[in-house]
Amino acid sequence: MLVQQIINGLSLGSVYALMAVGFALVFSILKFSNFSHGSVIMLSAYLGLWFSNRFDVGLFPTLLVCMIGGGTIAVIIEKIGFKPIRDKNGPLIYLFVSSIAISMFLQYLMTALLGGRFFMYRPLLKSSSWRFAGITIPIVNLAMLAASIVALVFLLYVLYRTTIGIAIRAAATDLSTPNLLGININMLISITFFISGALAGIAGLFLGMSLNVYPQLGGLVLKAFVATVVGGLGSLGGAVIAAFLLGLLETMITAYIGGAVTPMVSFTVMILFLLFKPEGVAGLLGLSSGSATQKL
Amino acid sequence: MKEQPKTLLQMNNVTMRFGGVVAVNGVNINLSEGRLAGIIGPNGAGKTTVFNLISGVYDPVEGDIRFRDQVISGKSPSEITHLGIARTFQNIRLFKGLNVFDNVKMATNCRTEYSFMEGVLGLPRVWRQEKESAAEVERYLELVGLLGYENTWPENLAYGLQRKLELARALATKPALLLLDEPAAGLNPTEIRELMDIIRRIHKELDMTILLIEHHMDMVMDICEELWVMNFGKVIANGDPEHIQREPEVLRAYLGS
Amino acid sequence: MNSYLASILIFTGINLISVLGMFLLMGLTGLLSFGQVGFMAIGAYVTAISYMRFGLPFGAGLLLGVGVSLLVGLVIGTVTLKLRNDYFALATYGFAEVIKNVLIYFSGYTGGSMGVFGIPAIVTLPMVIVIFLAALVLCRNFKVSKLGRNSLAIRNDELAAKVMGINTFKQKLLVFLFSAVFGSVAGSLLAFSTYYIEPNMFNWSKSVELIVIVFFGGINSLTGVVFAGMALTLLPEILHFGAEWRMVIYTAIIIVTMIYRPTGLFGRWELSLSQILGWIKGRRKSAVGRGGQGA
């Protein structure tokens, strides 16, 4: 029972990690909390649903379409909703407001167009669960865990071994440095949004498969937000660790205390971190130096 | 017996670090009341950090700062302003949402006495004090030569005028010590001469102690009575301008080594 | 007056009162808060429950609601106002959700998700108008006194505001509490004009509606916000939009505003009493305090 919960918790945490990394990636270079990330997740889930039904394909083609689709949606959102504000040197809070407005717009638009109905994915995997030594684990959870870990490792490779990755990390310290490396800032931001959106696409597909597809699915981005805050401002490593911990914590609480209190617990954890350890898990581990309070 | 001038500002062995970088390293500054003094030094020497430490934007890692014998390091920027220290910023930081008049008027806020409730209820005392502040604002605008620009938005002012507006805004807090961070940066020679006159007038007529950071050597040597020279976070020389110009270490810092 | 029209006007007036609170907080001070609806809920429930259960008169209940809102606001504000602006916004979202969940959970007093029924319609249109006008005067006084200047300075450059001697935390806390009072009063009025209240009336999307109105009218213009509030409350009523399409339109408005005219429709323009008098006398002055543009 406990082993089963731990594995389920880790796989939930792995999706949170995908969302959180995408969220933290944008935060690290543009310094605002991008809530439209949730609508990328939601739209990707609808896209995957439509694609897998329309062409009757399995998990891998759908995954690929969700990644490309998610990335593209994120770039379009950036071009329409953020770039005009960035061009005018608008304050960060405008970007934040715009991101919230976009996510609500898309959520209500989908509700208005399709209704609040729940759509179910047809089975994309051969078997539904895996039995081993008396424990039962949904296959979708295992696939989720595996896909997330592969994606995260690949991201790590991109960020630390490729020019574009190094430019993204440089931009996180100072948005003007990539210019010195001969990389166009707008291009770099688009690429960052694409990567972030592709990760959201994976998350959207798996969330859709395990929770069904509905307009409010994007609200789960709040988990990513909590993970990034607990992880420490814009620290990718911190966000991943915090996301896994959050997934475990939520699964344990749902299993042993009850699902009703789960949302309150994660929010409380976040507030406590903001108050007492604003530099987050990353700060605890010495990964970064940021602060959630406004000294400057 | 000659009366010793009183010390207004004292920095004792002040050190500031950012991560691993030591921006200010064991700085001692002793500024007497009534002085018009300057801090000079190459870029990155830690001059602006010294201002940020005095005005409370940063708290020093080591050492303490005293103003009129009271320890001010650790206090918040607004408390320090209330004690009588005002400053301008190197990269002009005017309030874009307020017009020229209100930019200066907001700086008088720290001396108005009415409370939040009185303010929203619009009691007579509010209007009386608002009127007094308005009269003061006109005086400061006149002093820096910005009369007639009251209703302009700061972003529409010419660069030189924006610098003057920052100066007027700092004056409006009625400080005993005025910190000017590169007041002449970006100004043309005519504007610099005007600025020097204004600074002298402030020093004489308003009886203010002034500490400024500046790169224009002619100006510094001309108006400052005392100088501190900084390099790599340390004070490498202190004295009157003639003395400073002959100091070998200063020449090395400036002419490169 | 026909009662349908009266009820729409009452609803508009109540909405405007909470919009004014949002204007001070988000418009002038730059603090994005989703918590405004939480204070509306507190005002509504405290007034309704104290009336229905304990027989407290409406006026006293309204004041009690304000008191509770101030206490809650003090705790929430002290904890959250030191955070970055976007973290503050999220924390206030959490606050609104917590309030809603508390209302559902403690069903013994609040009726749970069913809400409180049979609240008498004590609130009349003249009453709403008087309270709205009073709120408007308070806001105007706020804007033209040092309070408004402090808030605008904080919104534009918090560090520079501190250096110019503003205790920014204190100012933000006072504005937060003051706007909570507006929300609470609006909530109390709402409860006694709609016969029943339920937790879903106090969804965070209600706060978003208020935010939209403030951005649309203009974060610098009290006049603009009042007109935007009237237009955006009345239009959907008249056009009979469904709830989903209303939110689609609202959020589209905010996106377009943020992109093309972040200072809102009215920019910095304010209507003053002397101008109105001037118009009435037919002496139109061509220059009506029209300011420049930009943030």
Side-chain angles (χ1 to χ4, degrees), chain A residues 27 31-36 77 80-85 87-116 215 222 225-226 229 233 260-261 263-264 266-268 270-272 274-275 278 290-296, chain C residues 26 30-32 34 76 78-91 93-95 97-98 101-102 104-105 155-159 162 168-169 172 204-205 208 211-212 214-215 219 241-260 262-263 294-295:
Chain A
F27 189 100
K31 313 291 179 214
F32 79 101
S33 305
N34 171 23
F35 271 80
S36 70
I77 290 178
I80 295 177
F82 305 138
K83 189 167 178 299
I85 299 174
D87 288 345
K88 280 187 224 159
N89 261 327
L92 288 182
I93 198 79
Y94 284 9
L95 293 172
F96 176 66
V97 172
S98 184
S99 82
I100 288 186
I102 289 168
S103 81
M104 295 193 73
F105 172 76
L106 291 171
Q107 179 191 317
Y108 283 106
L109 187 68
M110 292 311 274
T111 315
L113 292 176
L114 299 175
L222 275 176
F225 177 76
V226 172
V229 170
L233 269 189
V261 288
M264 299 280 257
S266 29
F267 227 83
T268 314
M270 183 185 85
I271 296 283
L272 290 178
L274 280 177
L275 290 179
S291 167
T293 49
Q294 275 178 321
K295 174 80 184 174
L296 222 153
Chain C
M26 194 195 69
L31 289 169
L32 183 66
F34 297 107
I76 302 289
T78 311
V79 171
T80 58
L81 281 166
K82 285 191 171 143
L83 303 174
R84 282 168 50 100
N85 276 348
D86 47 354
Y87 288 12
F88 167 77
L90 259 297
Y93 162 79
F95 161 67
E97 287 293 286
V98 167
N101 283 312
V102 165
I104 295 173
Y105 191 79
R155 189 186 81 192
N156 279 283
D157 188 336
E158 190 163 346
L159 178 73
K162 279 181 190 166
T168 55
F169 175 71
K172 290 199 286 187
W204 75 298
S205 57
V208 174
I211 292 168
V212 171
V214 173
F215 265 111
I219 50 174
F241 280 130
E244 285 91 21
W245 283 110
R246 177 199 280 218
M247 288 309 287
V248 171
I249 292 166
Y250 273 4
T251 46
I253 288 175
I254 201 168
I255 296 169
V256 173
T257 319
M258 294 306 310
I259 296 172
Y260 293 104
T263 50

Less than 4.5 Å to any heavy atom of chain A: does that hold for the side chain of [X], its backbone, both, or neither?
{"X": "C:I259", "result": "both"}
{"X": "C:V208", "result": "side chain"}
{"X": "C:F88", "result": "neither"}
{"X": "C:F34", "result": "side chain"}
{"X": "C:L90", "result": "both"}
{"X": "C:I219", "result": "side chain"}

Please look at [X] and chain C and tell me whether the side chain, the backbone, both or neither of the residue comes under 4.5 angstrom of a heavy atom of that chain.
{"X": "A:L106", "result": "neither"}
{"X": "A:K83", "result": "neither"}
{"X": "A:L95", "result": "neither"}
{"X": "A:I85", "result": "side chain"}
{"X": "A:F82", "result": "neither"}

### Query
Who passes ring pair (Phe, Tyr, Trp, His ring centres under 6.0 Å) against A:F105, sequence neighbours left out?
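So A:F105 forms no ring pair (Phe, Tyr, Trp, His ring centres under 6.0 Å) with any residue.
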
### Task
For the pair A:F225 and A:F35, name the ring-plane relationship: parallel under 30°, tilted 30 to 60°, perpendicular over 60°.
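Correct class here is tilted.
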
